[in-house]
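Numbers restart at 1 for each chain; the letters A, B, ... are given by sequence-line order, proteins then strands.
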Amino acid sequence: MAEIITRFAPSPTGNLHIGSARTALINFITKSKNINSKLYLRIEDTDKERSTEEFKDNILSSLKWLCIDWDNEPQIQSQNINRHCEIANKLLTDNKAYKCICSENELNERREKINSGKITSKKICVSCENNKEVQSLKKDYVIRIKIPIDGNEILEDIIQGSVEVDNSEIDDYVLIRKNGTPTYMLSVVVDDHDLGVNFIIRGDDHLNNYFRQKFIYEYMNWKVPNYAHIPLIHGEDGSKLSKRHGAVNLMDLKAQGYLPDAIINNLILLGWSPKNQDDEIIQLDNIISKFDIKDLSKSASIFSYKKLDYFNNYYLRQEKNLGLFIDYCQSNLHLQKYIMQDKEKIIRIFNTYKKDISKYEEMIKIAEIYFNINFEISKNEQFQEDFNNYFNDFFKLINKIKKWEYEIINLEIKDFLKKNNIKFPILGKPIRYLLTNDYNGPSITDIFMILGKKQSLERLNKYKI
RNA sequence: GACCCCUUCGUCUAUCGGUUAGGACACCUGGUUUUCAUCCAGGAAAGAGGAGUUCGAUUCUCCUAGGGGUCGCCA
(Lines give C-alpha, C1' and ligand atoms only; values in the text may rest on other atoms or scores of the structure.)
Protein backbone atom coordinates (compact mmCIF):
# COMPACT_ATOMS: atom_id res chain seq x y z
CA MET A 1 0.00 0.00 0.00
CA ALA A 2 1.19 3.51 -0.80
CA GLU A 3 2.30 5.97 1.83
CA ILE A 4 -0.60 7.44 3.67
CA ILE A 5 -1.05 10.22 6.14
CA THR A 6 -4.01 9.48 8.33
CA ARG A 7 -5.32 10.60 11.67
CA PHE A 8 -7.51 9.68 14.58
CA ALA A 9 -9.47 12.63 15.88
CA PRO A 10 -11.54 11.96 18.99
CA SER A 11 -13.28 14.68 20.95
CA PRO A 12 -12.50 14.60 24.67
CA THR A 13 -16.15 14.60 25.69
CA GLY A 14 -16.17 11.05 27.01
CA ASN A 15 -13.95 8.08 27.76
CA LEU A 16 -12.55 6.07 24.86
CA HIS A 17 -15.23 3.72 23.73
CA ILE A 18 -15.00 0.39 21.90
CA GLY A 19 -16.38 1.89 18.70
CA SER A 20 -13.83 4.71 18.61
CA ALA A 21 -11.11 2.29 19.62
CA ARG A 22 -11.92 0.24 16.56
CA THR A 23 -11.65 3.30 14.34
CA ALA A 24 -8.29 4.09 15.94
CA LEU A 25 -7.20 0.49 15.51
CA ILE A 26 -8.04 0.40 11.83
CA ASN A 27 -6.22 3.67 11.32
CA PHE A 28 -3.22 2.27 13.16
CA ILE A 29 -3.17 -1.01 11.26
CA THR A 30 -3.53 0.73 7.93
CA LYS A 31 -0.70 3.12 8.62
CA SER A 32 1.47 0.31 10.00
CA LYS A 33 1.46 -1.44 6.65
CA ASN A 34 3.95 1.08 5.32
CA ILE A 35 6.87 2.31 7.32
CA ASN A 36 6.63 5.77 5.80
CA SER A 37 2.96 6.21 6.56
CA LYS A 38 1.87 8.37 9.44
CA LEU A 39 -0.93 8.37 11.96
CA TYR A 40 -1.58 11.58 13.80
CA LEU A 41 -3.66 11.98 16.89
CA ARG A 42 -5.72 15.11 17.20
CA ILE A 43 -7.84 16.01 20.19
CA GLU A 44 -10.90 17.83 18.87
CA ASP A 45 -11.75 20.06 21.78
CA THR A 46 -13.55 22.88 20.03
CA ASP A 47 -16.59 22.22 22.19
CA LYS A 48 -15.20 23.78 25.35
CA GLU A 49 -18.39 23.14 27.30
CA ARG A 50 -18.08 19.38 27.16
CA SER A 51 -14.36 18.79 26.69
CA THR A 52 -12.28 17.91 29.73
CA GLU A 53 -8.66 17.16 30.49
CA GLU A 54 -9.70 13.91 32.21
CA PHE A 55 -11.35 12.57 29.09
CA LYS A 56 -8.32 13.52 27.07
CA ASP A 57 -6.04 11.61 29.44
CA ASN A 58 -8.39 8.66 29.37
CA ILE A 59 -8.28 8.55 25.58
CA LEU A 60 -4.49 8.73 25.49
CA SER A 61 -3.96 6.05 28.10
CA SER A 62 -6.60 3.78 26.57
CA LEU A 63 -4.87 3.96 23.19
CA LYS A 64 -1.49 3.29 24.75
CA TRP A 65 -2.89 0.35 26.66
CA LEU A 66 -4.15 -1.12 23.39
CA CYS A 67 -0.68 -0.60 21.90
CA ILE A 68 -2.02 1.92 19.43
CA ASP A 69 0.75 4.38 18.79
CA TRP A 70 0.78 7.63 16.85
CA ASP A 71 3.35 9.89 15.24
CA ASN A 72 4.48 13.17 16.78
CA GLU A 73 2.84 14.83 19.74
CA PRO A 74 -0.96 14.81 19.95
CA GLN A 75 -2.39 17.90 18.32
CA ILE A 76 -4.78 20.01 20.31
CA GLN A 77 -7.33 21.46 17.97
CA SER A 78 -8.23 24.46 20.08
CA GLN A 79 -4.69 25.76 19.63
CA ASN A 80 -5.36 26.31 15.94
CA ILE A 81 -8.41 28.48 16.33
CA ASN A 82 -6.80 31.52 14.76
CA ARG A 83 -5.94 29.55 11.67
CA HIS A 84 -9.51 28.25 11.42
CA CYS A 85 -10.88 31.77 11.67
CA GLU A 86 -8.44 32.95 9.05
CA ILE A 87 -9.85 30.40 6.61
CA ALA A 88 -13.41 31.36 7.46
CA ASN A 89 -12.60 35.01 6.73
CA LYS A 90 -10.96 34.03 3.48
CA LEU A 91 -14.13 32.21 2.46
CA LEU A 92 -16.08 35.30 3.45
CA THR A 93 -14.00 37.65 1.30
CA ASP A 94 -14.10 35.14 -1.56
CA ASN A 95 -17.89 35.24 -1.36
CA LYS A 96 -18.02 31.55 -0.49
CA ALA A 97 -19.57 32.26 2.90
CA TYR A 98 -21.86 34.84 4.44
CA LYS A 99 -22.84 36.34 7.75
CA CYS A 100 -26.13 35.30 9.29
CA ILE A 101 -28.05 36.76 12.22
CA CYS A 102 -31.12 34.53 12.23
CA SER A 103 -32.48 33.87 15.71
CA GLU A 104 -32.90 30.39 17.11
CA ASN A 105 -36.65 30.70 16.75
CA GLU A 106 -36.45 31.73 13.13
CA LEU A 107 -34.13 28.84 12.37
CA ASN A 108 -36.34 26.35 14.19
CA GLU A 109 -39.42 27.47 12.31
CA ARG A 110 -37.63 27.25 9.02
CA ARG A 111 -36.17 23.85 9.92
CA GLU A 112 -39.58 22.52 10.78
CA LYS A 113 -40.91 23.55 7.40
CA ILE A 114 -37.96 21.90 5.67
CA ASN A 115 -38.35 18.67 7.60
CA SER A 116 -42.06 18.45 7.07
CA GLY A 117 -41.54 18.81 3.34
CA LYS A 118 -43.21 22.19 2.98
CA ILE A 119 -40.00 23.59 1.54
CA THR A 120 -37.83 21.51 -0.74
CA SER A 121 -34.66 23.57 -0.43
CA LYS A 122 -32.39 22.83 2.51
CA LYS A 123 -31.33 26.47 2.68
CA ILE A 124 -31.79 27.34 6.31
CA CYS A 125 -31.23 31.11 6.01
CA VAL A 126 -32.81 33.05 3.17
CA SER A 127 -32.73 36.60 4.45
CA CYS A 128 -29.13 37.38 5.44
CA GLU A 129 -27.03 36.50 2.45
CA ASN A 130 -28.24 39.40 0.33
CA ASN A 131 -28.79 41.84 3.16
CA LYS A 132 -26.01 44.44 2.88
CA GLU A 133 -26.57 45.65 6.40
CA VAL A 134 -26.05 42.17 7.81
CA GLN A 135 -23.04 41.54 5.64
CA SER A 136 -21.32 44.69 6.91
CA LEU A 137 -21.82 43.85 10.60
CA LYS A 138 -18.69 43.74 12.75
CA LYS A 139 -19.96 41.36 15.43
CA ASP A 140 -22.83 39.15 16.63
CA TYR A 141 -23.20 36.99 13.56
CA VAL A 142 -22.42 33.45 12.55
CA ILE A 143 -20.59 32.63 9.34
CA ARG A 144 -22.32 30.17 7.07
CA ILE A 145 -20.82 28.47 4.06
CA LYS A 146 -22.52 28.86 0.70
CA ILE A 147 -23.62 25.60 -0.86
CA PRO A 148 -24.81 25.65 -4.47
CA ILE A 149 -28.46 24.73 -5.01
CA ASP A 150 -27.86 22.77 -8.17
CA GLY A 151 -25.60 19.93 -9.03
CA ASN A 152 -24.54 16.87 -7.14
CA GLU A 153 -21.51 15.31 -5.60
CA ILE A 154 -20.10 11.81 -5.86
CA LEU A 155 -17.84 10.33 -3.24
CA GLU A 156 -15.66 7.41 -4.24
CA ASP A 157 -15.36 5.85 -0.83
CA ILE A 158 -12.84 3.07 -0.27
CA ILE A 159 -15.41 1.02 1.63
CA GLN A 160 -18.82 2.39 0.71
CA GLY A 161 -18.13 2.56 -3.01
CA SER A 162 -19.55 5.45 -4.93
CA VAL A 163 -22.15 7.49 -3.10
CA GLU A 164 -24.06 10.30 -4.74
CA VAL A 165 -25.85 13.16 -3.01
CA ASP A 166 -27.55 16.20 -4.51
CA ASN A 167 -26.25 19.57 -3.39
CA SER A 168 -29.83 20.52 -2.61
CA GLU A 169 -29.63 18.10 0.30
CA ILE A 170 -26.82 20.06 1.89
CA ASP A 171 -27.50 22.99 4.19
CA ASP A 172 -25.45 26.16 4.59
CA TYR A 173 -23.82 24.96 7.77
CA VAL A 174 -22.12 27.19 10.31
CA LEU A 175 -18.35 27.72 10.11
CA ILE A 176 -17.94 30.29 12.86
CA ARG A 177 -20.25 30.55 15.85
CA LYS A 178 -21.70 33.78 17.14
CA ASN A 179 -19.03 33.82 19.84
CA GLY A 180 -16.33 33.77 17.17
CA THR A 181 -15.20 30.18 17.65
CA PRO A 182 -14.92 27.73 14.76
CA THR A 183 -17.16 24.69 14.49
CA TYR A 184 -16.04 21.10 14.02
CA MET A 185 -16.98 21.18 10.35
CA LEU A 186 -14.44 23.93 9.65
CA SER A 187 -11.72 22.88 12.07
CA VAL A 188 -11.46 19.28 10.86
CA VAL A 189 -10.97 20.28 7.28
CA VAL A 190 -8.41 22.97 8.01
CA ASP A 191 -6.43 20.81 10.42
CA ASP A 192 -6.51 17.78 8.17
CA HIS A 193 -5.27 19.87 5.29
CA ASP A 194 -2.56 21.55 7.32
CA LEU A 195 -1.35 18.19 8.59
CA GLY A 196 -1.18 16.84 5.05
CA VAL A 197 -3.75 14.14 5.78
CA ASN A 198 -4.46 12.25 2.56
CA PHE A 199 -6.55 9.37 3.86
CA ILE A 200 -9.41 9.71 6.29
CA ILE A 201 -10.69 6.63 8.08
CA ARG A 202 -13.70 7.38 10.26
CA GLY A 203 -17.06 6.01 11.29
CA ASP A 204 -19.77 6.05 8.66
CA ASP A 205 -21.83 8.32 10.87
CA HIS A 206 -19.61 10.93 9.20
CA LEU A 207 -20.47 9.88 5.67
CA ASN A 208 -22.92 12.74 5.22
CA ASN A 209 -20.30 15.16 6.46
CA TYR A 210 -18.14 14.46 3.45
CA PHE A 211 -20.70 16.21 1.29
CA ARG A 212 -20.47 19.30 3.48
CA GLN A 213 -16.76 19.36 4.16
CA LYS A 214 -15.90 18.77 0.56
CA PHE A 215 -16.89 22.35 -0.27
CA ILE A 216 -14.23 23.84 1.97
CA TYR A 217 -11.58 21.84 0.13
CA GLU A 218 -13.03 22.93 -3.16
CA TYR A 219 -13.35 26.62 -2.27
CA MET A 220 -9.80 26.67 -0.89
CA ASN A 221 -8.41 24.75 -3.85
CA TRP A 222 -7.09 22.07 -1.53
CA LYS A 223 -6.56 18.49 -2.51
CA VAL A 224 -9.40 16.31 -1.24
CA PRO A 225 -8.18 13.27 0.72
CA ASN A 226 -9.31 9.70 0.16
CA TYR A 227 -12.05 8.46 2.44
CA ALA A 228 -12.89 5.16 4.09
CA HIS A 229 -16.11 5.35 6.06
CA ILE A 230 -16.17 2.28 8.24
CA PRO A 231 -19.47 0.82 9.44
CA LEU A 232 -20.43 1.29 13.07
CA ILE A 233 -20.56 -1.38 15.75
CA HIS A 234 -23.92 -2.24 17.24
CA GLY A 235 -24.99 -3.76 20.54
CA GLU A 236 -26.85 -7.06 20.86
CA ASP A 237 -30.16 -5.35 20.15
CA GLY A 238 -28.97 -3.85 16.87
CA SER A 239 -28.70 -0.24 17.96
CA LYS A 240 -25.54 1.81 18.23
CA LEU A 241 -23.28 0.37 20.90
CA SER A 242 -23.69 2.27 24.14
CA LYS A 243 -23.46 2.03 27.92
CA ARG A 244 -26.61 0.04 28.34
CA HIS A 245 -25.03 -2.81 26.35
CA GLY A 246 -22.41 -3.30 29.08
CA ALA A 247 -18.92 -2.00 29.65
CA VAL A 248 -17.95 -0.12 26.53
CA ASN A 249 -15.08 2.00 27.79
CA LEU A 250 -11.62 0.61 27.32
CA MET A 251 -10.53 1.40 30.86
CA ASP A 252 -13.59 -0.40 32.24
CA LEU A 253 -12.68 -3.45 30.21
CA LYS A 254 -9.14 -3.22 31.52
CA ALA A 255 -10.44 -3.04 35.08
CA GLN A 256 -12.48 -6.18 34.50
CA GLY A 257 -9.41 -7.99 33.32
CA TYR A 258 -9.70 -8.04 29.57
CA LEU A 259 -6.46 -8.17 27.59
CA PRO A 260 -5.51 -5.85 24.73
CA ASP A 261 -4.78 -8.82 22.47
CA ALA A 262 -8.28 -10.16 23.02
CA ILE A 263 -9.94 -6.81 22.40
CA ILE A 264 -7.93 -6.24 19.24
CA ASN A 265 -8.60 -9.76 18.00
CA ASN A 266 -12.30 -9.32 18.66
CA LEU A 267 -12.59 -5.86 17.13
CA ILE A 268 -10.71 -6.58 13.95
CA LEU A 269 -12.96 -9.56 13.24
CA LEU A 270 -15.99 -7.30 13.03
CA GLY A 271 -16.38 -6.77 9.32
CA TRP A 272 -13.20 -8.57 8.35
CA SER A 273 -11.66 -12.01 8.50
CA PRO A 274 -8.18 -13.27 7.64
CA LYS A 275 -8.05 -15.28 4.43
CA ASN A 276 -7.22 -18.99 4.40
CA GLN A 277 -7.39 -19.42 8.13
CA ASP A 278 -9.70 -21.80 9.96
CA ASP A 279 -9.39 -20.49 13.47
CA GLU A 280 -9.90 -16.85 14.29
CA ILE A 281 -6.99 -16.25 16.62
CA ILE A 282 -4.89 -13.46 15.18
CA GLN A 283 -2.56 -10.93 16.71
CA LEU A 284 -1.54 -7.45 15.77
CA ASP A 285 1.62 -8.18 13.73
CA ASN A 286 -0.23 -10.79 11.73
CA ILE A 287 -3.25 -8.52 11.32
CA ILE A 288 -1.03 -5.75 10.00
CA SER A 289 0.38 -7.98 7.30
CA LYS A 290 -2.97 -9.50 6.29
CA PHE A 291 -5.40 -6.62 6.71
CA ASP A 292 -6.48 -4.47 3.83
CA ILE A 293 -9.07 -1.82 4.47
CA LYS A 294 -10.62 -2.49 1.08
CA ASP A 295 -11.78 -5.88 2.37
CA LEU A 296 -13.77 -4.39 5.22
CA SER A 297 -17.49 -5.16 5.07
CA LYS A 298 -19.97 -2.35 4.42
CA SER A 299 -22.49 -3.55 6.94
CA ALA A 300 -22.56 -2.87 10.65
CA SER A 301 -21.83 -5.77 12.96
CA ILE A 302 -22.91 -6.67 16.44
CA PHE A 303 -20.39 -6.65 19.23
CA SER A 304 -20.53 -9.87 21.22
CA TYR A 305 -19.17 -10.10 24.73
CA LYS A 306 -19.37 -13.89 24.50
CA LYS A 307 -16.88 -13.90 21.69
CA LEU A 308 -14.69 -11.38 23.49
CA ASP A 309 -14.74 -13.73 26.47
CA TYR A 310 -13.62 -16.58 24.27
CA PHE A 311 -10.65 -14.60 22.94
CA ASN A 312 -9.82 -13.31 26.38
CA ASN A 313 -9.85 -16.80 27.84
CA TYR A 314 -7.54 -17.90 25.04
CA TYR A 315 -5.04 -15.12 25.67
CA LEU A 316 -5.07 -15.18 29.44
CA ARG A 317 -4.27 -18.88 29.39
CA GLN A 318 -1.09 -18.33 27.42
CA GLU A 319 1.95 -19.02 29.56
CA LYS A 320 3.69 -15.89 28.23
CA ASN A 321 0.84 -13.71 29.50
CA LEU A 322 1.24 -14.68 33.16
CA GLY A 323 2.96 -11.36 33.74
CA LEU A 324 -0.21 -9.57 32.70
CA PHE A 325 -2.10 -11.36 35.45
CA ILE A 326 0.48 -10.28 37.99
CA ASP A 327 0.19 -6.69 36.76
CA TYR A 328 -3.56 -6.97 37.10
CA CYS A 329 -3.28 -8.24 40.67
CA GLN A 330 -1.14 -5.28 41.56
CA SER A 331 -3.73 -2.88 40.20
CA ASN A 332 -6.74 -4.58 41.77
CA LEU A 333 -7.76 -3.71 45.28
CA HIS A 334 -8.71 -7.25 46.28
CA LEU A 335 -6.01 -9.21 44.54
CA GLN A 336 -3.36 -6.79 45.70
CA LYS A 337 -3.74 -8.07 49.27
CA TYR A 338 -3.37 -11.65 48.18
CA ILE A 339 -0.36 -11.17 45.98
CA MET A 340 1.43 -9.30 48.72
CA GLN A 341 0.60 -12.07 51.15
CA ASP A 342 1.65 -14.98 48.96
CA LYS A 343 2.55 -14.46 45.35
CA GLU A 344 3.29 -18.10 44.66
CA LYS A 345 -0.08 -19.13 46.00
CA ILE A 346 -2.10 -16.69 43.88
CA ILE A 347 -0.18 -17.78 40.80
CA ARG A 348 -0.89 -21.40 41.59
CA ILE A 349 -4.59 -20.61 42.01
CA PHE A 350 -4.58 -18.75 38.72
CA ASN A 351 -2.85 -21.55 36.84
CA THR A 352 -5.30 -24.06 38.27
CA TYR A 353 -8.38 -22.01 37.40
CA LYS A 354 -7.42 -20.06 34.28
CA LYS A 355 -9.18 -22.43 31.93
CA ASP A 356 -12.44 -21.64 33.73
CA ILE A 357 -12.42 -17.84 33.67
CA SER A 358 -13.00 -15.35 30.92
CA LYS A 359 -11.50 -12.35 32.66
CA TYR A 360 -9.13 -11.70 35.55
CA GLU A 361 -11.86 -10.13 37.69
CA GLU A 362 -13.31 -13.61 38.23
CA MET A 363 -10.18 -14.54 40.15
CA ILE A 364 -11.24 -12.39 43.09
CA LYS A 365 -13.99 -14.75 44.22
CA ILE A 366 -11.87 -17.80 43.58
CA ALA A 367 -8.82 -16.51 45.43
CA GLU A 368 -11.02 -15.61 48.36
CA ILE A 369 -11.84 -19.27 48.90
CA TYR A 370 -8.18 -20.09 49.41
CA PHE A 371 -7.02 -16.99 51.23
CA ASN A 372 -9.85 -16.77 53.71
CA ILE A 373 -8.46 -17.73 57.11
CA ASN A 374 -11.95 -17.93 58.58
CA PHE A 375 -13.08 -20.31 55.91
CA GLU A 376 -16.33 -22.11 56.68
CA ILE A 377 -18.41 -24.43 54.56
CA SER A 378 -21.85 -22.96 54.03
CA LYS A 379 -23.74 -25.86 55.64
CA ASN A 380 -22.26 -28.44 57.89
CA GLU A 381 -23.86 -31.34 56.19
CA GLN A 382 -23.37 -34.94 57.07
CA PHE A 383 -22.12 -36.98 54.18
CA GLN A 384 -23.02 -40.54 53.28
CA GLU A 385 -22.02 -43.33 55.53
CA ASP A 386 -19.57 -44.59 52.90
CA PHE A 387 -17.64 -41.38 53.18
CA ASN A 388 -17.72 -41.31 56.95
CA ASN A 389 -16.30 -44.78 57.08
CA TYR A 390 -13.20 -43.68 55.24
CA PHE A 391 -12.80 -40.11 56.37
CA ASN A 392 -10.66 -40.73 59.45
CA ASP A 393 -8.32 -43.02 57.59
CA PHE A 394 -8.03 -40.54 54.78
CA PHE A 395 -7.29 -37.73 57.21
CA LYS A 396 -4.52 -39.79 58.80
CA LEU A 397 -3.12 -40.56 55.37
CA ILE A 398 -2.93 -36.90 54.41
CA ASN A 399 -1.49 -36.03 57.76
CA LYS A 400 1.23 -38.62 57.26
CA ILE A 401 2.47 -37.19 53.95
CA LYS A 402 5.86 -35.59 54.52
CA LYS A 403 6.79 -34.29 51.11
CA TRP A 404 3.92 -32.07 50.02
CA GLU A 405 4.32 -32.58 46.29
CA TYR A 406 1.76 -33.02 43.56
CA GLU A 407 2.87 -36.46 42.37
CA ILE A 408 3.17 -37.84 45.87
CA ILE A 409 -0.23 -36.63 47.02
CA ASN A 410 -1.77 -37.82 43.80
CA LEU A 411 -0.31 -41.30 44.19
CA GLU A 412 -1.38 -41.56 47.81
CA ILE A 413 -4.96 -40.68 46.93
CA LYS A 414 -5.07 -43.16 44.05
CA ASP A 415 -3.58 -45.78 46.24
CA PHE A 416 -6.09 -45.14 48.99
CA LEU A 417 -8.99 -45.47 46.57
CA LYS A 418 -7.62 -48.68 45.20
CA LYS A 419 -6.90 -50.26 48.55
CA ASN A 420 -10.34 -49.49 49.86
CA ASN A 421 -11.96 -50.29 46.55
CA ILE A 422 -14.01 -47.09 46.40
CA LYS A 423 -14.91 -44.85 43.52
CA PHE A 424 -13.53 -41.33 43.52
CA PRO A 425 -16.76 -39.34 43.91
CA ILE A 426 -17.68 -41.00 47.18
CA LEU A 427 -14.51 -39.72 48.78
CA GLY A 428 -13.42 -36.88 46.52
CA LYS A 429 -16.57 -34.84 46.28
CA PRO A 430 -17.12 -34.38 50.01
CA ILE A 431 -13.42 -33.72 50.47
CA ARG A 432 -13.57 -31.00 47.83
CA TYR A 433 -16.58 -29.57 49.56
CA LEU A 434 -14.81 -29.46 52.90
CA LEU A 435 -11.84 -27.73 51.31
CA THR A 436 -13.52 -25.25 48.97
CA ASN A 437 -17.22 -25.18 49.80
CA ASP A 438 -17.96 -26.57 46.36
CA TYR A 439 -18.56 -30.13 45.21
CA ASN A 440 -17.14 -29.30 41.79
CA GLY A 441 -13.84 -27.72 40.92
CA PRO A 442 -10.22 -28.63 40.39
CA SER A 443 -8.82 -32.04 41.29
CA ILE A 444 -8.44 -32.38 45.03
CA THR A 445 -4.71 -32.81 44.55
CA ASP A 446 -4.59 -29.33 43.01
CA ILE A 447 -6.60 -28.02 45.91
CA PHE A 448 -4.26 -29.62 48.43
CA MET A 449 -1.33 -28.08 46.62
CA ILE A 450 -2.85 -24.62 46.73
CA LEU A 451 -3.81 -24.78 50.39
CA GLY A 452 -0.68 -26.44 51.60
CA LYS A 453 -0.61 -29.17 54.23
CA LYS A 454 -1.35 -27.09 57.29
CA GLN A 455 -4.37 -25.29 55.93
CA SER A 456 -5.70 -28.42 54.23
CA LEU A 457 -5.65 -30.33 57.49
CA GLU A 458 -7.23 -27.42 59.32
CA ARG A 459 -10.12 -27.38 56.91
CA LEU A 460 -10.59 -31.14 57.02
CA ASN A 461 -10.30 -31.16 60.75
CA LYS A 462 -13.43 -29.06 61.08
CA TYR A 463 -15.52 -31.97 59.93
CA LYS A 464 -16.96 -34.05 62.73
CA ILE A 465 -18.71 -37.25 61.98
C1' G B 1 -40.54 12.45 7.29
C1' A B 2 -36.24 13.50 3.76
C1' C B 3 -31.46 11.81 2.20
C1' C B 4 -27.67 7.98 2.43
C1' C B 5 -26.13 2.99 3.66
C1' C B 6 -26.90 -2.18 4.85
C1' U B 7 -29.39 -7.53 4.63
C1' U B 8 -25.59 -15.55 4.19
C1' C B 9 -26.58 -20.26 10.39
C1' G B 10 -28.58 -17.00 17.10
C1' U B 11 -23.66 -13.93 16.48
C1' C B 12 -18.92 -12.71 13.52
C1' U B 13 -17.87 -14.16 8.68
C1' A B 14 -16.08 -17.26 3.65
C1' U B 15 -18.08 -17.49 -1.27
C1' C B 16 -15.72 -12.60 -6.19
C1' G B 17 -22.46 -17.05 -11.80
C1' G B 18 -21.96 -23.64 -11.39
C1' U B 19 -19.98 -25.44 -3.85
C1' U B 20 -22.97 -31.46 -0.28
C1' A B 21 -23.06 -22.87 0.85
C1' G B 22 -17.03 -23.45 4.38
C1' G B 23 -15.02 -21.74 9.25
C1' A B 24 -15.24 -19.39 14.29
C1' C B 25 -18.17 -18.23 18.91
C1' A B 26 -22.50 -19.87 21.33
C1' C B 27 -25.68 -24.34 21.61
C1' C B 28 -26.54 -29.95 21.66
C1' U B 29 -24.50 -35.19 21.75
C1' G B 30 -20.60 -38.68 22.60
C1' G B 31 -15.47 -39.91 24.28
C1' U B 32 -11.17 -38.99 27.67
C1' U B 33 -11.05 -37.50 32.91
C1' U B 34 -10.68 -37.71 40.02
C1' U B 35 -16.28 -34.29 40.11
C1' C B 36 -17.07 -29.54 37.20
C1' A B 37 -14.35 -28.01 33.44
C1' U B 38 -10.40 -28.38 29.86
C1' C B 39 -9.28 -31.42 25.67
C1' C B 40 -10.94 -34.57 21.46
C1' A B 41 -14.81 -36.25 18.06
C1' G B 42 -19.53 -35.46 16.05
C1' G B 43 -24.38 -32.72 15.35
C1' A B 44 -28.18 -29.14 14.57
C1' A B 45 -28.21 -24.30 12.35
C1' A B 46 -28.20 -19.50 6.94
C1' G B 47 -28.64 -16.78 1.48
C1' A B 48 -35.36 -11.29 4.08
C1' G B 49 -39.43 -11.60 0.16
C1' G B 50 -40.73 -10.88 -5.04
C1' A B 51 -39.61 -9.96 -10.09
C1' G B 52 -36.08 -9.94 -13.95
C1' U B 53 -30.90 -11.02 -16.70
C1' U B 54 -28.78 -15.98 -17.63
C1' C B 55 -28.30 -22.66 -19.76
C1' G B 56 -27.59 -21.66 -14.43
C1' A B 57 -28.22 -17.20 -9.43
C1' U B 58 -26.40 -16.36 -2.48
C1' U B 59 -23.42 -13.88 -6.21
C1' C B 60 -25.69 -9.06 -11.42
C1' U B 61 -30.31 -5.44 -11.95
C1' C B 62 -34.98 -3.59 -10.11
C1' C B 63 -39.01 -3.45 -6.52
C1' U B 64 -40.85 -4.45 -1.53
C1' A B 65 -39.91 -5.35 3.52
C1' G B 66 -36.75 -4.93 7.68
C1' G B 67 -32.51 -2.64 10.07
C1' G B 68 -28.98 1.35 10.66
C1' G B 69 -26.87 6.33 9.98
C1' U B 70 -27.50 11.68 9.19
C1' C B 71 -30.61 15.86 9.30
C1' G B 72 -27.33 21.50 15.67
C1' C B 73 -24.00 28.02 16.68
C1' C B 74 -22.17 18.74 19.17
C1' A B 75 -18.32 16.28 17.26
Base contacts versus sugar-phosphate-only contacts with protein, heavy atoms under 4.0 Å: please encode nucleotides 67-73 of chain B as B, S and - from 5' to 3'.
-SBSSSB
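Between A/I268 atom CD1 and B/A24 atom C1' there is a gap of 16 Å when expressed in whole angstrom units. Rounded to an integer number of Å, the gap from CG of A/L175 to P of B/A75 is 12 Å. In this structure, OH of A/Y406 is placed 10 Å from P of B/U34, rounded to the nearest angstrom. A/R432 has its CZ atom 12 Å from the P atom of B/A37, to the nearest Å.
Under a 3.5 Å cut-off, the side chain of A/S239 and the backbone N or O of A/G235 do not form any donor-acceptor pair. Proximity of a side-chain donor or acceptor of A/T436 to a complementary backbone N or O of A/Y433 within less than 3.5 Å is not detected.
Of all nucleotides present, only B/G69 satisfies the Watson-Crick or G-U wobble test against B/C3, with each distance under 3.5 Å. As the counterpart of B/U11, B/A24 is assigned, both hydrogen-bonding distances of the Watson-Crick or G-U wobble pattern falling under 3.5 Å.
A salt bridge links A/D47 to A/R50: at least one charged side-chain nitrogen sits closer than 4.0 Å to a carboxylate oxygen. A salt bridge does not link A/K365 to A/E368: none of the charged side-chain nitrogens sits closer than 4.0 Å to a carboxylate oxygen. The pair A/D192-A/R7 meets the salt-bridge criterion, with a side-chain N (NZ, NE, NH1 or NH2) lying under 4.0 Å from an Asp/Glu carboxylate O.
No hydrogens or angles were tested; on distance alone, a donor-acceptor pair under 3.5 Å links the side chain of A/E280 to the base of B/G23.
Nucleic acid contact class of A/E164 (heavy atoms, under 4.0 Å, all strands): sugar-phosphate only. Here A/P10 lies out of heavy-atom contact (under 4.0 Å) with every strand. Counting non-hydrogen atoms under 4.0 angstrom, A/K429 reaches the backbone sugars and phosphates but no base. Among the atoms of the strands shown, only primed sugar atoms or phosphate atoms (P, OP1, OP2) are found under 4.0 Å from some heavy atom of A/G271. Backbone-only engagement by A/T46 is indicated by non-hydrogen atom pairs under 4.0 Å involving sugar-phosphate atoms exclusively. A/D438 comes within contact range of no nucleotide atom at all, as no heavy-atom separation falls under 4.0 Å. Residue A/R202 is out of contact with every strand shown, counting any heavy-atom pair closer than 4.0 Å.
Sorted by first and then second residue, the pairs that involve residues 415-427 of chain A and meet salt bridge (Lys or Arg N to Asp or Glu O under 4.0 Å), not counting sequence neighbours, are A/D415-A/K419.
Closest approach to the A/S273 side chain among B/U34, B/A37, B/U13 is made by B/U13 (side chain taken as heavy atoms from C-beta onward). Closest to the A/F424 side chain, of the nucleotides B/C6, B/A75, B/U34, is B/U34. Nearest to the side-chain atoms of A/V163 among the listed nucleotides B/C5, B/C36, B/C25 stands B/C5.
Nucleotides B/U59 and B/C6, compared at atom P, are 15 Å apart to the nearest Å.
Under 4.0 angstrom from either OP1 or OP2 of B/A75 there lies no side-chain N or O belonging to A/Y184. Taking side-chain N and O atoms only, A/S301 has a distance below 4.0 Å to OP1 or OP2 of B/U13. Distances shorter than 4.0 Å separate none of the side-chain N or O atoms of A/K355 from OP1 or OP2 on B/A37.
The number of heavy atoms from other shown groups lying within 6.0 Å of CD (A/E164) is above 12.
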Chi angles and distances behind the ring pair (Phe, Tyr, Trp, His ring centres under 6.0 Å) call for A/F391, A/F387:
CA-CA 6 Å; A/F391 178 73; A/F387 172 75; 5.5 Å; yes
